[in-house]
Amino acid sequence: MATEITTRKTDIGPPHYQKYLPPVIQKNYGKWKFHEILKPGVLLHVAESGDKLYSVRAAAPRLTSTKTIRLFAELADQFCGGYLRYTSRNNIEFLLTDEKQIAPLIERLKKEGYPVGGMGPSITNIVHTQGWVHCHSAASDASGVVKSVMDELFPHFEKMDLPGKLRIAFACCLNMCGAVHCSDIAILAVHRTLPKINKEALPKMCEIPTTVASCPTGAIRPKMTDGKQSVEIIEEQCMYCGNCFTVCPAMTLADAENDGLSIWVGGKVSNARHEPMFSKLAIPFIPNNPPRWPEVVAAVKNIVDVYAKNASKYERMGEWIERIGWPRFFKLTGIEFTKYHIDDFRHAGESYKRSTHLKHTPAEG
Amino acid sequence: MADKKKPTPKLDELEKGPWPSFVKEMKLSAETNVAAQDLLGILERSYDEKIGHWKHGGIVGVKGYGGGIIGRYNDIPQDFPEIAEFHTIRVNQPPGWFYSSDALRTLCDIWEKHGSGLTNMHGSTGDIIFLGTKTTELEPIFSKLTEAGFDLGGSGSDMRTPSACCGMARCEWACYDTLAAVYNITMTYQDELHRPAFPYKFKIKMAGCPNDCVASIARADMSIIGTWRDSIQVDKDQVTAYASGPNRDIARDIVGKCPSKCMGWDGKNLTIDDSNCVRCMHCINAMPKALAPGKDRGATILVGSKAPIIEGALLSSVLIPFIKIEPPYDDIKELIQAMWELWGENGKNRERIGEFIQRIGLGNFLEQIGLEPVPEMVSQPRTNPYVFYDIKKG
């Protein structure tokens with residue numbers, strides 16, 4: 001095709017941070033007094049000057065067509081002078097100064113299929129990764145699982161009916177581009193079988209020392225195969241992390257029958273009340289079952305339901321579990337506790353119970 | 001346009017239900033774009049076979065840059081030729097993800113002409129993600145982006161695109177100007193952002209308060225989290241107003257949830273022992289009209305968080321308990337450069353700085369970058385007596 005290069009600038013960086021701020025923000029920058037949630041999905045910020053800013057938050061799929069972005073732009077023109085922003089969880093926020101425009105905007109968003117909510121003690125958008133849509137190491141699809149789970153949990157998006165915030169994240173392999181490791185509920189796709197070594201391709205595509213060094217457990221050793229430099233894997237030492245595949249494309253992990261999903265609970269990033277926490281393993285494995293992953297949806301819904309029923313006001317998942325104890329969490333959710341729940345990687349012993357502080361119940365009968 | 005649409009019975013199931021559908025989005029783009037049609041086709045194939053069809057990235061990019069483009073090819077190009085090459089472009093987002101409608105339309109114009117029309121708004125690190133184009137389109141896209149005032153973000157072993165919460169633009173809790181700071185740091189390190197020269201990736205995230213809306217403590221090699229040193233600001237009338245509201249129980253929900261037990265409530269007066277407050281934000285979150293962070297504001301700088309690969313996941317740990325974050329940010333930049341120099345020189349290939357610190361020891365790390373150890377850096381002193389005494393240093 002014909003080249004269209006006219007000029008070539010480099011290293012100009014992002015647009016200046018003030019360039020797209022609406023006038024009400026330009027005027028009251030750093031001078032906001034307080035905010036409140038007027039109703040699910042509608043946030044009011046009041047400035048020291050008395051100026052008011054209304055943010056209307058709508059759900060957007062992370063995978064968005066330019067046609068939908070154009071729709072959002074059109075709505076912003078129609079209702080709020082063309083100013084909008086995205087949140088760190090892939091929601092879209094329209095920035096209004098005219099209170100009268102809130103209701104018609106919400107109505108229009110709903111009509112177009114982009115519901116409003118996701119504020120306060122609710123479930124908001126699930127942050128997620130590419131999955132089968134665009135990633136080489138995905139053990140599942142991200143968008144499909146997220147869509148299926150959010151369809152089920154949808155009432156908690158439009159209402160603020162939970163004890164505290166509940167943040168869900170999805171990552172399609174252990175690389176965790178979605179950094180799900182500090183979420184109230186994390187859905188993590190996993191591989192469970194050894195990398196398949198492509199003997200023909202490996203010597204051409206991979207550096208042996210880098211590949212050997214990539215393994216966190218030292219499970220990869222150099223080996224001559226058919227007179228060519230290659231590697232072998234010590235089966236018992238492999239925990240299917242996929243790090244070797246990242247540096248050596250000739251060691252593929254995808255396995256249609258054995259890849260699937262695991263579920264982790266009780267992480268948080270906010271410092272509010274409890275310090276930030278990692279998510280811990282709840283369910284080691286659920287097979288892939290596209291297009292709607294009903295077993296994953298049911299498992300997440302069960303955990304949300306038990307949390308909603310038992311946690312106290314403001315308690316996040318991890319705070320609630322810490323209060324009641326893990327034995328009670330497994331009992332209340334009916335989730336089976338297995339060998340896989342006990343850590344056996346570095347510093348594993350830190351998670352062993354080393355006291356007699358246990359909540360016993362009297363023998364029955 | 002040669003129509004490449006194929007039946008997608010499995011994906012069609014995901015158009016149903018109340019949550020916005022990514023399949024609907026893909027079909028919107030597929031109305032006018034053959035690559036999006038092939039993407040639907042290959043995804044349906046993945047749903048049938050329960051396996052992905054994308055290959056490892058190859059090295060592609062724009063002239064003079066080493067990052068910003070992720071090479072992507074499918075492994076069945078004979079069936080899906082329109083996406084045989086389907087590279088990702090990372091575009092550095094405007095700080096705080098603020099846009100005008102015209103800016104969005106400009107991005108759409110470029111991407112509809114030169115790519116699949118599919119995006120992520122936004123990717124995990126914060127960039128605008130243009131999902132899928134051919135190698136020949138990269139230079140024209142880059143040229144048009146820069147013409148419109150946008151530039152590429154990071155990828156590979158470079159400084160990844162720094163990100164920030166909305167900060168002072170729309171939050172009374174912002175303890176420093178996250179947008180000004182993230183813009184300044186991003187502009188200062190354009191070379192490090194665009195030309196990978198580190199052992200591995202390096203992420204910087206800026207959150208205005210300890211609520212950490214950008215998850216910096218979990219997802220950034222350098223987490224700059226706003227906080228304050230003086231007393232929580234209290235509006236007594238608003239405390240009274242809060243207490244008289246429906247379903248309000250200050251003793252149970254505010255005082256009872258305070259992690260440092262530094263608050264009291266006698267039914268009329270709220271007392272706070274600020275010297276024992278750990279600046280967690282809970283009481284302020286619960287009573288935003290009555291309470292606010294203090295006036296002597298700055299940030300805690302923490303270092304080293306990451307996802308599991310390679311040595312396990314880490315949260316960032318305290319490096320500087322309190323620092324003012326003010327232009328021209330020289331002290332922050334000196335710290336960044338001291339860390340980069342040490343880690344750049346001594347870090348192993350694909351070793352994140354958090355892993356590097358664990359390997360050499362935080363004490364040694366501090367010594368090398370010229371910071372004094374302080375008790376705020378640890379949750380407790382060591383319990384093991386295996387001390388590497390250095391009697392020469394004293």
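Residue numbers begin at 1 in each chain, while the letters A, B, ... track the order of the sequences. Just so you know, these numbers use all the heavy atoms, side chains as well, and skip hydrogens, waters and symmetry mates.
- Of residues 308-315 of chain B, those residues lying under 4.5 Å from chain A by any heavy-atom pair are B:P308, B:I309, B:I310, B:E311, B:G312, B:A313, B:L314, B:L315.
- Looking at heavy atoms from C-beta onward, B:F98 lies out of side-chain contact with A:K19 at the 4.5 angstrom threshold.
- By the 4.5 Å heavy-atom criterion applied to side chains, A:F157 and B:W19 are counted as neighbours.
- B:P288 places none of its side-chain heavy atoms less than 4.5 Å from the side chain of A:E36.
- Between A:K9 and B:T146 the shortest heavy-atom distance is O-CG2, 3.6 Å.
- Using a 4.5 Å heavy-atom threshold, the side chains of B:D151 and A:P14 count as separate.
- Neither the backbone nor the side chain of B:S116 comes within contact range of chain A, judged by heavy atoms closer than 4.5 Å.
- Inter-residue side-chain proximity for A:P115 and B:P20 is flagged as met; some heavy-atom pair is nearer than 4.5 Å.
- Only the side chain of A:C182 comes within contact range of chain B, with heavy atoms under 4.5 Å apart.
- B:H194 has its side chain out of reach of A:T10: every pair of non-hydrogen atoms, C-beta onward, lies at least 4.5 Å apart.
- With sequence neighbours excluded, the residues satisfying side-chain contact (heavy atoms from CB on, under 4.5 Å) with A:A254 are A:D259, B:I51.
- Looking at residues two or more places apart in sequence or on another chain, you find no salt bridge (Lys or Arg N to Asp or Glu O under 4.0 Å) involving B:E172.
- For the pair A:V133 and B:L131, the minimum side-chain heavy-atom distance is below 4.5 Å.
- No other option in B:E49, B:M281, B:E112 has as many heavy-atom pairs under 4.5 Å with chain A as B:E112.
- At least one side-chain heavy atom of B:F22 sits under 4.5 Å from a side-chain heavy atom of A:D141.
- Residues that satisfy the ring-ring contact (aromatic ring centres under 6.0 Å, His included) test with A:H134, not counting sequence neighbours, are B:W54, B:F86.
- The parts of A:R62 that come within reach of chain B are both its backbone and its side chain, each placing non-hydrogen atoms under 4.5 angstrom from that chain.
- The aromatic rings of B:Y183 and A:Y17 are tilted relative to each other, their planes meeting at an angle between 30° and 60°.
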